[in-house]
Amino acid sequence: MRSVAVCLGVVLAGATMAHVAMGRPAPEQNQLSGRYSTHFQNGDVSGDTYWSDNVLEVVPVSAEAVYLRIETQFFNGHMCSLSGIGRMEGEALVYQEPPFMAGEKPCRLTLRRTGKDVVLQDTDSACRVGHCGARGSFNGQTFPLSSHRAITYLPRLKASREYQAALRAWAASPNHSDHATQADQP
């Protein structure tokens with residue numbers, strides 16, 4: 001049984017390297033790519049209730065890079081909003097950016113499949129600064145895997161202001177080493 005597991009690991013590693021060499025998204029990216037959402041009843045301090053949606057979009061850009069957009073809603077109309085290019089680190093998608101203000105910690109947001117959810121982790125709450133309202137936070141937010149859908153509006157998403165800005169920032173980044181992008185492909 002152990003030799004089967006070792007052989008399977010070698011085959012999977014080889015498949016991932018082949019995808020990367022051909023400029024295709026690695027299987028981990030394919031597993032996360034798509035749209036996730038939750039629809040829930042929200043409220044405000046006056047006691048009124050209304051419906052809100054939390055949305056996560058994940059789009060492979062290259063063999064190593066992934067575009068992500070996150071919009072989350074909180075009590076009293078507060079929200080978090082973030083979009084940018086992250087990188088796969090093992091089975092996790094990691095988004096990083098410099099500190100929002102001098103003296104602050106850099107933002108490092110991790111998305112990981114855990115059980116039946118995609119879970120966001122912002123351990124230092126550094127991504128909250130500059131991206132969230134007073135009652136908002138990325139840390140611990142979950143998106144059920146059961147909500148996963150293919151992104152049927154990919155041309156519109158790729159033409160969006162957020163996607164184009166993320167690509168420009170990524171291309172100008174000193175950490176940008178993967179120049180063979182799929183950014184213009186539908």
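Because the structure is a prediction, the values reported are computed rather than measured. Numbers here simply count residues along the sequence, with the first being 1. Below, each value reflects all heavy atoms present in this structure, side chains not excepted, and no hydrogens, waters or symmetry copies.
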Q: About how many Å separate CG of Leu68 and CG of Leu56, when rounded to the nearest 0.5 Å?
A: 7.0 Å
Q: Has Asp122 got a side-chain atom pairing as donor or acceptor with Ser137's backbone, closer than 3.5 angstrom?
A: no
Q: Does a side-chain heavy-atom distance below 4.5 Å link Phe138 with Gln121?
A: no
Q: Any chance you could lay out the side-chain contact (heavy atoms from CB on, under 4.5 Å) test for Ser62 and Trp170, step after step, and finish with the verdict?
A: CA-CA 11 Å; Ser62 73; Trp170 175 59; 4.1 Å; yes
Q: Evaluate Arg108 against Glu89 for salt bridge (charged side-chain N to carboxylate O under 4.0 Å, His left out), listing each step before the verdict.
A: CA-CA 12 Å; Arg108 181 178 168 87; Glu89 291 184 8; 2.9 Å; yes
Q: Check this for me: does any side-chain nitrogen of one of Arg69 and Glu162 sit under 4.0 Å from a carboxylate oxygen of the other?
A: no
Q: With a 4.5 Å cut-off on side-chain heavy-atom distances among I, L, V, M, F, W and Y, is there a chain of contacts connecting Leu154 to Leu167?
A: yes
Q: Kindly indicate whether the side chain of Met79, heavy atoms from C-beta on, has any atom under 4.5 Å from the side chain of Glu71.
A: yes
Q: Examine Leu145 and Leu111 and state if one hydrophobic cluster contains both, with Ile, Leu, Val, Met, Phe, Trp and Tyr joined whenever side-chain heavy atoms are less than 4.5 Å apart.
A: yes
Q: Checking His131 side chain against Ser81 main chain: does a donor-acceptor pair fall under 3.5 Å?
A: yes
Q: Distance from Asn54 atom CG to Gln141 atom CD, nearest 0.5 Å?
A: 5.5 Å
Q: Dump the intermediate steps for side-chain contact (heavy atoms from CB on, under 4.5 Å) on Val118 and Leu32, then the final yes or no.
A: CA-CA 8 Å; Val118 174; Leu32 280 174; 4.2 Å; yes
Q: Do Ser83 and Tyr67 have side-chain heavy atoms sitting under 4.5 Å apart?
A: yes
Q: In terms of hydrophobic clustering (I, L, V, M, F, W, Y; side-chain heavy atoms under 4.5 Å; direct or indirect links), are Ile85 and Ile151 co-clustered?
A: yes
Q: Return yes if some donor-acceptor pair links the side-chain N/O of His78 with the main-chain N/O of Ala134 below 3.5 Å, else return no.
A: yes
Q: Please round to the nearest 0.5 Å and tell me the distance separating atom CZ of Arg128 and atom SG of Cys80.
A: 7.0 Å
Q: Rounded at 0.5 Å granularity, tell me how far CG in Asp44 sits from CG in Asn76.
A: 5.5 Å
Q: Nearest 0.5 Å, please: how far is CZ in Arg87 from CD in Gln96?
A: 10.0 Å
Q: Quick one: pull up CD in Glu57 and OH in Tyr163 and give me the separation to the nearest 0.5 Å.
A: 11.5 Å
Q: Start with the C-alpha distance between Ser37 and Arg35, add both sets of side-chain angles, then the distance that settles side-chain hydrogen bond (donor to acceptor under 3.5 Å, both in side chains), and finish with yes or no.
A: CA-CA 7 Å; Ser37 63; Arg35 182 182 193 275; 3.3 Å; yes
Q: Using the side-chain contact (heavy atoms from CB on, under 4.5 Å) rule, take Asp53 and His39 through it: C-alpha gap first, then chi angles, then the decisive distance, then the call.
A: CA-CA 5 Å; Asp53 292 291; His39 185 67; 2.7 Å; yes
Q: Using the rule given for side-chain hydrogen bond (donor to acceptor under 3.5 Å, both in side chains), can you reason through Asn42 versus Ser52, listing the C-alpha separation, both sets of side-chain angles and the distance that settles it, and then say yes or no?
A: CA-CA 6 Å; Asn42 209 336; Ser52 291; 3.1 Å; yes
Q: Can you confirm whether Pro106 sits close enough to Pro98 that some side-chain heavy atom of one is under 4.5 Å from a side-chain heavy atom of the other?
A: no
Q: Given side-chain contact (heavy atoms from CB on, under 4.5 Å), test Ile70 with Leu109 step by step and report yes or no.
A: CA-CA 11 Å; Ile70 305 167; Leu109 184 64; 3.5 Å; yes
Q: Group every Ile, Leu, Val, Met, Phe, Trp and Tyr by side-chain heavy-atom contacts under 4.5 Å, then state whether Val59 and Val94 land in the same group.
A: no
Q: Find out if the SG atoms belonging to Cys127 and Cys107 lie under 2.5 Å from one another.
A: yes
Q: For Phe74, give me all partners under ring-ring contact (aromatic ring centres under 6.0 Å, His included), at least two apart in sequence or on another chain.
A: none
Q: Could you check if a side-chain atom of Val55 sits within less than 4.5 angstrom of a side-chain atom of Tyr36, using non-hydrogen atoms only?
A: no
Q: Please examine the side chains of Leu120 and Asn139, heavy atoms only from C-beta on, and report whether any two atoms are closer than 4.5 Å.
A: no
Q: When you compare the side chain of Val119 with that of Phe143, does any pair of heavy atoms fall below 4.5 Å?
A: no
